[in-house]
Each structure stands twice: as structure tokens, then as C-alpha cells.
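Working notes, beginning with the structure itself.
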Amino acid sequence: MGVDPYRLLGSQTEGHKSGMRHQLFIGYTMPVKNSCPKTESLKHYKNLSYETLAASWLLNDGWDVFMPMIDHGLKTDFVVSDGDRFYRIQVKTIDSHDENVVVENKWGEANIDYVIYFSRVANWGYITPPFNQSKKRLNALGHLRFHQHQKNFVKAFTSI
């Protein structure tokens, strides 16, 4: 008879040193990340996590969310629909505590409906219409601030 993989051992570990595998199931160990992604890959992973976060908050609120397989050139990270209309969304992250920061137009003249900015170092973000200028203050008139929590984000998104 084989080992029952569902027999939980609790919090027993094989060791307490960093990098040691934790044994939670008899005969099984939990994976431990042993690689460090390259800086450019890590930046992409972090940006993707914010795209996924915004999409999941909208999904949880009942919006239909569609994610393109490839968005090169289209500047669309995901599309949301209320059932009748579709909105193309671009997600950007910034490394700033300052809400008065100047952000750049990274989408050019692409046909998008909204840009969602997340601060990586503070607990806020902004939802903005796309702007044609090359740069604009993030907290400019017409840009909606939200606290980085689903309830606050959805309230801001549905008020635009």
C-alpha cells in the first residue's frame, strides 16, 4: 500500500534554515524557489501581477474580463465588459509615494479607454482616461484616486 498524500503532518519541518523544504505531507515536500529571475523578467512579473490584480477585482465584482494572449502594439492589458460595452484597459505601475508625480504617455495614440496606475511603494492608485500629452501629473483633474483594496478600486472604476 502506498503513502497517503493527504495525511497531514502539521507543521513538522526538516530544518529551520532558509531554503530547507517543509514537509507537510508524509513523503512529500513543499517546493522552494531556488532561482532568481533576471531584473527585466522580475519587472515584467511585477507588472503582470498588478494587471492580474485589477482584472480579478473586476471579475469578483461581476464584470466580464478578457485578457489578450499578446498585447504588443495594441497597448491593451485586458478588456472589461458590462455586457453591452467593452473597455480597453492599460495598467501601469510607478515607484513613487508622491501622487503629484508626472507620468508619461506610454500608449501613444493607441485606442484604449482607461489607464490604471498602481503605486508599488504606497497603497494607492489612479484610474485615468488616456491622455494625448507626452506627460501629465498623475493627480490631475479627472484622474480618480483609489486605495489599493478591491472595494475602493471597484467604487472608483464604476464611477468613471
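Positions are given from 1, in the same order as the sequence printed here. This one's a predicted model, so the numbers in the text were calculated from it and none came from an experiment.
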Aromatic ring pairing Phe153/Trp57, orientation class (parallel under 30°, perpendicular over 60°, tilted between): tilted
Partners passing side chain to side chain donor-acceptor pair (under 3.5 Å) against Asn152 (at least two apart in sequence or in another chain): none
Connected via hydrophobic side-chain network under 4.5 Å: Val91 and Leu48: no
Pairwise salt bridge (Lys or Arg N to Asp or Glu O under 4.0 Å) hits with a residue in residues 73-82, at least two apart: Asp82-Arg85
Side chain proximity check, Ile94 to Val101, heavy atoms < 4.5 angstrom: yes
Would you list the atom pairs, donor with acceptor, under 3.5 Å between side chains in residues 108-121 and any protein atom, with sequence neighbours excluded?
unit_1: Asp113; atom_1: OD2; unit_2: Arg88; atom_2: N; d: 2.7
unit_1: Ser119; atom_1: OG; unit_2: Ser96; atom_2: O; d: 2.8
unit_1: Ser119; atom_1: OG; unit_2: Val121; atom_2: N; d: 3.3
unit_1: Ser119; atom_1: OG; unit_2: Ala122; atom_2: N; d: 3.0
unit_1: Arg120; atom_1: NE; unit_2: Thr93; atom_2: OG1; d: 3.0
unit_1: Arg120; atom_1: NH2; unit_2: Asn47; atom_2: OD1; d: 2.6
unit_1: Arg120; atom_1: NH2; unit_2: Thr93; atom_2: OG1; d: 3.0

Atom CG of Asn100: over 12 foreign heavy atoms under 6.0 Å: yes
Qualifying residues under side-chain contact (heavy atoms from CB on, under 4.5 Å), relative to Pro37, sequence neighbours excluded: Ser41, Leu42, Tyr45
Non-neighbouring partners of Asp95 that pass side chain to side chain donor-acceptor pair (under 3.5 Å), sequence neighbours left out: none
Any Gln150 side-chain heavy atom under 4.5 Å of Asn60 side chain: yes
Same apolar cluster (I L V M F W Y, side chains within < 4.5 Å links), Leu58/Tyr50: yes
With sequence neighbours excluded, residues passing side-chain contact (heavy atoms from CB on, under 4.5 Å) with Arg145: Glu99, Trp124, Tyr126
Cluster companions of Phe86 among Ile, Leu, Val, Met, Phe, Trp, Tyr (side-chain spacing under 4.5 Å): Phe66, Val79
Asp64: salt bridge (Lys or Arg N to Asp or Glu O under 4.0 Å) partners, not counting sequence neighbours: none
Flag side-chain contact, heavy atom, 4.5 Å: Leu144 against Ile160: yes
Any donor-acceptor pair under 3.5 Å from Asn139 side chain to Arg137 backbone: no
Spacing of Lys92 atom NZ and Asn105 atom CG [to the nearest 0.5 Å]: 9.5 Å
Side-chain donor or acceptor of His143 paired with backbone N/O of Leu138 under 3.5 Å: yes
Contacts of type salt bridge (Lys or Arg N to Asp or Glu O under 4.0 Å), residue Lys106, not counting sequence neighbours: Glu104
Heavy-atom side-chain proximity of Ile89 to Phe157 below 4.5 angstrom: yes
side-chain contact (heavy atoms from CB on, under 4.5 Å) against Thr158, all qualifying residues, sequence neighbours excluded: Asp61, Trp63, Val154
Residues forming a side chain to side chain donor-acceptor pair (under 3.5 Å) with His147, sequence neighbours excluded: Asn123
side-chain contact (heavy atoms from CB on, under 4.5 Å) partners of Gln133, counting only residues at least two apart: Phe131, Lys136
